[in-house]
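Chain identifiers are assigned alphabetically (A, B, ...) following the order of the sequence lines, protein sequences preceding nucleic acid strands; residue numbering begins at 1 within each chain. None of these values were measured; they are calculated from a predicted model.
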There are 2 protein chains.
Amino acid sequence: MATIGEASRRSGINIETIRYYEREGVVPRPGRSASGRRVYTDDEVAVLAFVKRCRDMGFPLADVRVLLALRNATDDQCDEVRVISQRHIADVRNRIAALRRLETALGALVSECRQGRTACPALQELFAG
Amino acid sequence: MATIGEASRRSGINIETIRYYEREGVVPRPGRSASGRRVYTDDEVAVLAFVKRCRDMGFPLADVRVLLALRNATDDQCDEVRVISQRHIADVRNRIAALRRLETALGALVSECRQGRTACPALQELFAG
DNA sequence: TATCCTTCCTGTTGTGACTACAGGATCAAG
DNA sequence: CTTGATCCTGTAGTCACAACAGGAAGGATA
């Protein structure tokens, strides 16, 4: 049994974020103490840690919901996990490619800049298209 | 002289986004027709196109504001443009590195998945930590 | 017991950079 | 004169939180 502060420390999720996940229905609502404070079981803390690992892997919350639901499923877990993960990998790869192109373009832009100049060729280039 | 629709087509920025930029003070307010519609000069369309190129380069709007102000400055343009651009390049490189690590981790996760299985080792791994 | 600091509560607002309406007015063409 | 495209303002939604405001309760110390 843990307070929200302990659950936060043990899962690595910010307290405010834990309450946000609860509001959004990502994680189940924990019990409450006599004075109304949240009380987390070890299993509930484990769920929070799971969500944290998923988020660290970059899965959007919508995917995390599905992944959490799969935990209690008995059929085809692997199939669904693979589909979600491969979609996510494709997304990550696209983003890497886009950022690489951007890096190249920015490098070209900066190389236009020469120290001590007043009129900036890079700025001109951005402006002229 | 262009309507907002023409300005949108020529700059490549969505109409709603143009209005948003105006509200936020990123671009100056254009003149208005007798009936209250926005009327853009060629220079104002060029500013929009400049903003579009900056955004395509991934500069945040805060940077775009500075870059736009630099257009009218006469001193040290190049220095400031270089500082902003290099900060942005560093940011882009950090993001690429983070995404690469993510790609590797996701690859490892998916390799745990094997077709036809019911219990998913990848899911177990996410859960166990 | 009184005080004090920490932790907790709910509810609201802000972030970045838009996008998507709702509900209406105007314009241009046929 | 009607139709359809375009335009207007203003508001709310997106994602995944973070940062308050304003208060209540818990635990340690004097």
Side-chain angles (χ1 to χ4, degrees), chain A residues 1-27 29-40 44-45 47-48 50-68 84 87-88 91-92 95 98-99 102, chain B residues 1-27 29-40 44-45 48 50-68 84 87-88 91-92 95 98 102:
Chain A
M1 294 301 179
T3 64
I4 195 171
E6 284 165 28
S8 169
R9 280 186 290 279
R10 282 167 53 192
S11 67
I13 303 180
N14 191 311
I15 290 179
E16 316 262 18
T17 305
I18 292 178
R19 287 198 277 249
Y20 164 73
Y21 287 162
E22 183 185 324
R23 274 202 305 282
E24 295 299 307
V26 177
V27 299
R29 303 189 175 192
R32 297 284 182 139
S33 74
S35 65
R37 298 189 168 197
R38 289 172 181 80
V39 180
Y40 294 85
E44 284 163 343
V45 174
V47 167
L48 287 170
F50 174 83
V51 173
K52 171 75 169 138
R53 275 188 291 276
C54 291
R55 293 292 301 127
D56 285 348
M57 294 289 246
F59 287 102
L61 276 188
D63 284 355
V64 178
R65 284 173 206 266
V66 177
L67 256 15
L68 260 176
I84 291 173
R87 179 159 40 76
H88 186 41
D91 185 51
V92 167
R95 281 192 288 177
L99 284 173
L102 185 53
Chain B
M1 293 301 177
T3 64
I4 196 170
E6 283 165 29
S8 169
R9 280 186 290 278
R10 282 166 55 193
S11 68
I13 303 180
N14 193 309
I15 290 180
E16 315 263 18
T17 306
I18 292 177
R19 288 197 277 251
Y20 164 74
Y21 286 163
E22 183 185 325
R23 275 201 306 282
E24 295 299 305
V26 176
V27 300
R29 304 190 175 191
R32 295 286 181 137
S33 74
S35 65
R37 296 187 170 198
R38 290 171 181 79
V39 180
Y40 293 85
E44 284 163 343
V45 174
L48 288 171
F50 174 83
V51 173
K52 172 72 169 143
R53 275 189 292 275
C54 290
R55 292 292 300 128
D56 285 348
M57 295 288 246
F59 287 101
L61 274 190
D63 284 355
V64 178
R65 283 173 207 267
V66 177
L67 258 13
L68 260 178
I84 291 172
R87 178 160 38 78
H88 187 41
D91 185 51
V92 167
R95 283 192 290 179
L102 187 53

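Salt bridge annotation for R87(B)-D91(B): absent, with no cationic side-chain nitrogen under 4.0 angstrom from a carboxylate oxygen.
Within the 4.0 Å cut-off from OP1 or OP2 of dC8(D), at least one side-chain nitrogen or oxygen of R38(B) is found. At the phosphate of dC7(D), OP1 or OP2 sits under 4.0 Å from a side-chain N or O atom of T3(B).
Axis angle between the ends of the helix from dT1(C)-dA30(D) to dG30(C)-dC1(D), five pairs each and rounded to 10 degrees, works out to 20°.
Atoms CD and CE, from E44(A) and M1(A) in turn, are 8.0 Å apart once rounded to the nearest 0.5 Å. Here I4(A) contributes atom CD1 and R9(A) contributes atom CZ; the two are 11.0 Å apart, rounded to the nearest 0.5 Å.
Extent of DNA chain C lying under 4.0 Å from chain A heavy atoms, first and last nucleotide in 5' to 3' order, is dT7(C) to dT10(C).
In this view, R10(A) and D42(A) satisfy the side-chain hydrogen bond (donor to acceptor under 3.5 Å, both in side chains) rule, not counting sequence neighbours.
Residues from residues 6-26 of chain B lying near DNA chain C, meaning a heavy-atom separation below 4.0 Å, are N14(B), E16(B), T17(B), Y20(B), Y21(B) in numerical order.
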Could you list all N or O pairs between the protein and nucleotides 22-25 of chain D that sit under 3.5 Å apart?
residue, atom, partner, partner atom, Å
dA25(D), N3, R37(A), NH2, 3.3

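Nearest heavy atom pair, residue V64(A) against residue C54(A), reads CG2-CB, 3.7 Å. The minimum heavy-atom distance between R32(B) and V39(B), with the atom names listed, is C-CG2, 4.0 Å.
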List the atom pairs, with distances to 0.1 Å, where a side-chain N or O of residues 11-26 of chain A and a protein N or O form a donor-acceptor pair under 3.5 Å, not counting sequence neighbours.
residue, atom, partner, partner atom, Å
S11(A), OG, A7(A), O, 2.7
S11(A), OG, I13(A), N, 3.2
N14(A), OD1, E16(A), N, 2.9
E22(A), OE1, R38(A), NE, 2.7

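For the pair L102(A) and M57(B), the minimum side-chain heavy-atom distance is below 4.5 Å. R95(A) places a side-chain heavy atom less than 4.5 Å from the side chain of V92(A). Under the 4.5 Å side-chain criterion, counting only non-hydrogen atoms from C-beta, E6(A) is not in contact with Y40(A). Side-chain contact between R37(B) and T3(B) is absent, with no heavy atoms from C-beta onward closer than 4.5 Å.
Shown here is R29(A), whose CZ atom has no more than 12 heavy atoms of other residues, nucleotides or ligands within 6.0 Å.
In terms of position on DNA chain D, the residue among V39(B) and P60(A) whose nearest nucleotide sits closer to the 5' end is V39(B).
With rounding to whole Å, K52(A) atom NZ is found 14 Å from dA16(D) atom P.
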